[in-house]
Amino acid sequence: METLEALIRRNERTSRAKYEAAAAELTGQLDRRYRLTSTVLQEVTYAQAHHVWWDMVLMQTDKYDVEVEEALGLVRAWTTRYVETALARAVPVPRVAETGGTAADLFEHALSVTGLEAGHRFLSATEGGRAAS
């Protein structure tokens, strides 16, 4: 059976690979002067946000010598606070339309939702001190 640390390291590697692949796709599209789609932007933003949570756990263990279980608990607490505060700050789409918001406001909303999704996925994967993919 894989240890918690091994599971976390595997999830960090997997999430990093997904982020790097999404970033390479975005860069490739920019290099080819393709029109960027919301799907490509969402994928790279989501992959980056999801990877950050796993990377933060390893930073706590590797750089600050925090025990794996404690590091996971710390990052889960930070993620929970992020999700709760980001949700409260997210600009509701109907309000943007009513106040004459801009496309940038809608884009910011989409980025907030993407970050929330990544945070929720990390919390779900680490619920109960486990580290499922």
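Quick caveat: nothing in here was measured; it's all calculated off a predicted structure.
Asp62 meets the salt bridge (charged side-chain N to carboxylate O under 4.0 Å, His left out) test with Arg9; sequence neighbours excluded.
Side-chain atoms of Asp55 do not come within 3.5 Å of backbone N or O of His51 as any donor-acceptor pair.
The aromatic rings of Phe122 and Trp54 sit perpendicular, their planes meeting at an angle over 60°, well past the 30° parallel limit.
A cation-pi arrangement is present between Arg32 and Tyr34 under the rule of less than 6.0 angstrom and at most 45 degrees off the ring axis.
In the hydrophobic clustering of this structure, Val83 does not group with Tyr46; members are Ile, Leu, Val, Met, Phe, Trp, Tyr whose side-chain heavy atoms approach within less than 4.5 Å, directly or through other members. Tracing side-chain contacts under 4.5 Å through hydrophobic residues (I, L, V, M, F, W, Y), one reaches Val57 starting from Val52; they form part of the same cluster. Cluster membership for Leu123 and Met59, using ILVMFWY side-chain heavy atoms within less than 4.5 angstrom, is shared. The hydrophobic cluster containing Leu111 also contains Tyr19, counting ILVMFWY residues as joined when their side-chain heavy atoms lie under 4.5 angstrom apart, directly or transitively. In the hydrophobic cluster analysis, where Ile, Leu, Val, Met, Phe, Trp and Tyr join through side-chain heavy atoms closer than 4.5 angstrom, Phe107 is grouped apart from Leu116.
Contact record, His50 with Ser15: ND1-CB, 3.9 Å, taken as the closest heavy-atom pair. Considering every non-hydrogen atom in both Leu36 and Leu41, the closest pair reads CD1-CD2, 4.2 Å. Closest heavy-atom contact between Gln60 and Ala71: CB-CB, 3.6 Å.
Residue Thr126 is tested with Leu4, Val75, Leu72 for a side-chain contact (heavy atoms from CB on, under 4.5 Å); the sole match is Leu72.
For Tyr82, the OH atom is densely surrounded, since the number of other residues' heavy atoms within 6.0 Å is greater than 12. Applying the 6.0 Å contact sphere to CD of Glu20 captures more than 12 heavy atoms from other residues, nucleotides or ligands.
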